[in-house]
2 protein chains.
Amino acid sequence: MIVRFREKRMQLSKGFDYAVRSLVFLALLSDGASAELRTIAESQNIPLSYLAKVMRNLVRGGLVSSTLGRDGGYCLRRAPEEITLMQVYAVIEGEMRLVECMEDQKNCMFYKGCTQVSVWHKLKNAVEEIFRETTLKDLLPQPTGEQRLTQLKEKERKYARAGA
Amino acid sequence: MIVRFREKRMQLSKGFDYAVRSLVFLALLSDGASAELRTIAESQNIPLSYLAKVMRNLVRGGLVSSTLGRDGGYCLRRAPEEITLMQVYAVIEGEMRLVECMEDQKNCMFYKGCTQVSVWHKLKNAVEEIFRETTLKDLLPQPTGEQRLTQLKEKERKYARAGA
DNA sequence: ACAATCATGGAGTTAGTGACTCCACAATTG
DNA sequence: CAATTGTGGAGTCACTAACTCCATGATTGT
């Protein structure tokens, strides 16, 4: 039996979710390294040929670069902190439209008297602001206490060497 | 040819939009007055029998009351400033779920390492905050300059009488 | 009491599209 | 040249928002 997502509105698409996950995966690679489609798909449990489409959009959008042939794959084009969710959203979904008449109000039959459109815009702005201020870096898993301790020691050693 | 809404994610349902429009319509009636389904539907260009369903939800949700029989119809149960968009959303759409694994993270295969869910929650909170702070009153059309002038004169006359 | 008028309830129907698949093709490299 | 990798696009499928229909129940004026 396939358990499915009871659909309610205001939800994000899987494509967008997949894109973000994949980008985070790429961001976690030691810098500059690339990963093939299959690796990403398997690690993130994303259907391979569907992810192909998503990645193509990311390539077209300039967020990742792809190399063909043996040892090919995808890698980030910019540092994680320079890639915002807004950019990802724009690449995957385009312009955000909460309602039909969001920008082309001429089509809206309530053109003149419509008082709600301002609220929808406020909503859109709030969402986009969060998208704009959230970068891939914010989505990277925080180092555990142990890891942070290691980093600290590393730093200390550096300072010690610098002082010597 | 039927022109249709190019669907992009993060959009609000028509049901919700219809609900809000209808409530605003009711709020504009001189207080206590009720309007029948047909009146609302026609004024707002909403398919009659679809609106019936929406209104039923609003009744069940306690936002409007309905009276059957001749001269029946719907009217607001509370003052416009006491009805928030959040309440309307809850009645029409239920709990907001931006992604599948929003609350039942056990189902999420990335349970442990998932760093994005916090962003989705931030998003949800931002949207819900706007919904919570926006009431029907905020959606009522502002009086035009002319109307405001009339109101002002009305007030002056009152004061004049009071002074006399 | 009755008929007109109103909402209620629930079982359809439909079109659109998000999510996913498949396959042929193009580029790269050992 | 053969293996490996991404590209491109047409095609499929299931789900559901949006909408319809009809039978039923409540209320009120006459």
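Values below: every heavy atom of this structure, side chains too, minus hydrogens, waters and symmetry copies. Just so you know, these numbers come straight off a predicted model, no measurement behind them.
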Enquirer: Describe the nucleic acid contact of A:Phe16 in one word from base, sugar-phosphate, nothing, applying a heavy-atom distance below 4.0 Å.
Expert: nothing
Enquirer: Roughly, in whole Å, what's the span from CG in B:Leu51 to P in D:dC21?
Expert: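 For the pair B:Leu51 CG and D:dC21 P, the rounded distance is 16 Å.
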Enquirer: Report which part of the nucleic acid B:Ser66 touches: base, sugar-phosphate, or nothing (heavy-atom distance under 4.0 Å, all strands).
Expert: sugar-phosphate
Enquirer: Please report the distance, rounded to the nearest Å, between CG in A:Asn45 and P in C:dA19.
Expert: 16 Å
Enquirer: I'd like to know if A:Lys124 pairs up with A:Glu95 as an ion pair, taking the criterion as any Lys NZ or Arg NE/NH1/NH2 lying under 4.0 Å from an Asp or Glu carboxylate oxygen.
Expert: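 Judged by the 4.0 Å cut-off on N to carboxylate O distance, A:Lys124 and A:Glu95 do form a salt bridge.
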Enquirer: Roughly, in whole Å, what's the span from CG in A:Leu58 to C1' in D:dG6?
Expert: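 Checked: the CG to C1' distance equals 14 Å.
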Enquirer: For C:dC2, take OP1 and OP2 only and decide whether either is under 4.0 Å from a side-chain N or O of B:Arg70.
Expert: no
Enquirer: Between C1' on C:dC20 and CE on A:Met55, what's the gap in Å once rounded to a whole number?
Expert: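 To the nearest whole Å, that distance equals 17 Å.
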Enquirer: Of A:Pro47 and A:Leu68, whose nearest nucleotide on DNA chain C comes first from the 5' end?
Expert: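 Its nearest nucleotide being more 5', the pick is A:Pro47.
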Enquirer: Could you pick out which residue, B:Tyr74 or A:Tyr50, lies toward the 5' side of DNA chain C when each is mapped onto its nearest nucleotide?
Expert: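 This one resolves to B:Tyr74.
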Enquirer: Classify the side chain of B:Arg56 versus the base of C:dG9 as yes if they form a donor-acceptor pair under 3.5 Å and no if they do not.
Expert: yes
Enquirer: Same cluster for B:Val119 and A:Leu140 if Ile/Leu/Val/Met/Phe/Trp/Tyr side chains link at under 4.5 Å?
Expert: yes
Enquirer: Rounded to whole angstrom units, what separation is found between the CG atom of B:Asp17 and the P atom of D:dC19?
Expert: 11 Å
Enquirer: Checking B:Ser13 against B:Glu93: is there a side-chain donor and acceptor pair closer than 3.5 Å?
Expert: yes
Enquirer: Any side-chain N or O of A:Arg60 below 4.0 angstrom from OP1/OP2 of D:dG6?
Expert: no
Enquirer: For the pair made of CG in A:Leu48 and C1' in D:dG6, what is the distance, rounded to whole Å?
Expert: 11 Å
Enquirer: Should B:Glu100 and A:Lys14 count as an ion pair when the cut-off is N to O under 4.0 Å?
Expert: yes
Enquirer: What is the distance from CG of A:Leu12 to C1' of C:dA19, rounded to the nearest Å?
Expert: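 Between C1' of C:dA19 and CG of A:Leu12: 15 Å.
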Enquirer: Report the distance from atom CZ of A:Arg97 to atom C1' of C:dG18, rounded to the nearest whole Å.
Expert: 17 Å
Enquirer: D:dC19, OP1 or OP2 - any side-chain N/O from B:Tyr18 closer than 4.0 Å?
Expert: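 For B:Tyr18, the contact criterion (side-chain N or O under 4.0 Å from OP1 or OP2 of D:dC19) is met.
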Enquirer: Closest nucleotide of DNA chain D for A:Asp71 versus for A:Lys53: which of these residues is on the 5' side?
Expert: A:Asp71
Enquirer: Can the ring centres of B:Tyr74 and B:Phe25 be said to be less than 6.0 Å apart?
Expert: no
Enquirer: Of the nucleotides C:dA7, C:dT21, D:dA18, which has the atom closest to the B:Glu36 side chain?
Expert: C:dA7
